[in-house]
2 protein chains.
Amino acid sequence: MTATEDTSTAHQKAYERIHELILTGKLAPGERLRERNLGALLGLSRTPVREALRRLSSEGTVRFEPNRGVYVEEIDRGELLEIFDIGAALESRCARLAARKIGSEAIAVLEACLDEMTKFAGRPEGDPGPDYVKLDKRFHSTIVAATGNRKLQALVEHVVSLPVLSSAFRQYGPADFRRSVRQHGEILEAIRSGDEAWAEVAMRNHILTGRNAVVKQDGTAAG
Amino acid sequence: MTATEDTSTAHQKAYERIHELILTGKLAPGERLRERNLGALLGLSRTPVREALRRLSSEGTVRFEPNRGVYVEEIDRGELLEIFDIGAALESRCARLAARKIGSEAIAVLEACLDEMTKFAGRPEGDPGPDYVKLDKRFHSTIVAATGNRKLQALVEHVVSLPVLSSAFRQYGPADFRRSVRQHGEILEAIRSGDEAWAEVAMRNHILTGRNAVVKQDGTAAG
DNA sequence: GAAAGCCATGTTGTATACCATTTGATGACG
DNA sequence: CGTCATCAAATGGTATACAACATGGCTTTC
């Protein structure tokens, strides 16, 4: 019916929508979030909204100030680059584990992802945009899930929940997308062949490429 | 002084108590948590309990099964050891950053912690037990906070929220505690002197010592 | 005229009430 | 005797109601 998303519960819907609003910058860093406003906006009551906000708070995306409201967390450039380093450490470790433990179904999912990515990158002009972001998320989520480690999965989710991950894509040109696809291909091949060391460095290479894109994103010394 | 804990809000109280119940094994892995039961147990309504559970869920400590209840997550030995490795990666990175950015107040807190730890470890017999766990938490939290990176802080919190971290202490003997104190001393000295590389490896050394304790904790091939 | 206190208003924090879904028991039917 | 349908109790999911706290403007007083 609606968006084919897994919007089975109001809480899930609230979480996804609010998260997206923050990702896309419609809710700006530092901005105060009023529970009743959000509820009205999403057609929900405060209860699921608050639960979603608690979750986002636990992920470091928003901040509860007791009795004084909820605010979108700000992230400065230094923090962000650190996060990329952490992400590289976590995800490369995931890739190593995945190379050891992944099953054929997960492999199939990765292949399907890569296939669609290739199609997107093959386009002459248009920016793949949000679709590519989703594919990228699915690809990485599949690898993390293949580790079978739920705690690790939770950690990575928290890292990739950053607004900036997608903003990194925003300024990608066609060449950047092609490179991204190629890197995903390498990662898949490494995992498929069970080469743990290769999978690890292929993933690290991929993440740090994204990091570099963010570094160059805004050269100005904006406060 | 009562429990000087920051139990200002019901949500916070619920979170701390439930977390502790899981840490101490009073709520066993796989066990179903009934919201009304927990609320009655803590003298609270379901609302703050549910918010606390959402937070714990986000941390990977419990698991929501839609319409079917909340369960304490189980962790097998392999996952656990992985978590220690991740923790080592994250915390050693924190130590490196802290060595660069820490302020004098935080240094003072660390010194105070170390002081109390030394007292505990100096005891002839008694197991320091929960008190030492708290000191350890404070020590590590202070270092993480000193990085100034909130997202990183959130990540580490999620790692150390593991039941097993404290269970590692449980089988510590006097010699183990003395070694732990000595290691904390090294970490502090490294950070204080601003030696990033030293701080990093001192922390890694410390965490992996704990990992080793867990490895040896239960030699039996218990499922 | 300025500062301090008080009240009105809005928002968060918590409790309760209601609805939807699951689950186990009971009984009818094969 | 076993199996399946049906229903009731329990529990999770959500909405609403109420209480506590914060904030801004107004009045009052010096």
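FYI, side chains are in, hydrogens and waters are out, and symmetry mates aren't considered; it's all heavy atoms of this structure. Chain A is the first sequence line, chain B the second, and so forth, proteins listed ahead of strands; every chain is numbered from 1.
Between F177(B) and Y172(B), the ring planes are perpendicular. Angles over 60° get that label, and only those under 30° would be called parallel.
Ion pairing of K151(B) with E79(A) is absent here, as no side-chain N (NZ or NE/NH1/NH2) approaches a carboxylate O to less than 4.0 Å.
From E31(A), atom CD reaches atom OH of Y71(A) across 11.0 Å, with rounding to the nearest 0.5 Å.
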With a cut-off of 3.5 Å and sequence neighbours excluded, list every side-chain donor-acceptor pair involving residues 98-105 of chain A.
from    : atom 1 : to      : atom 2 : distance (Å)
R100(A) : NE     : E196(A) : OE2    : 3.0
R100(A) : NH2    : E196(A) : OE1    : 3.2
K101(A) : NZ     : T147(A) : O      : 3.0

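Between E16(A) and Q12(A), the side chains place a donor N or O and an acceptor N or O closer than 3.5 Å (distance only, hydrogens not considered). Side-chain contact check for Y15(B) and E20(B): no donor-acceptor pair (N or O, by modelled atom type) lies under 3.5 Å. Residues R55(B) and H19(B) bring no donor and acceptor atom of their side chains to less than 3.5 Å of each other.
Using a 4.0 Å cutoff to heavy atoms of chain B, the contacted part of DNA chain C runs 5' to 3' from dT14(C) to dT23(C).
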Readout for nucleotides 6-16 of chain D: B = base within 4.0 Å of protein heavy atom, S = sugar-phosphate only, - = neither; 5' to 3' it is -----BBBBBB
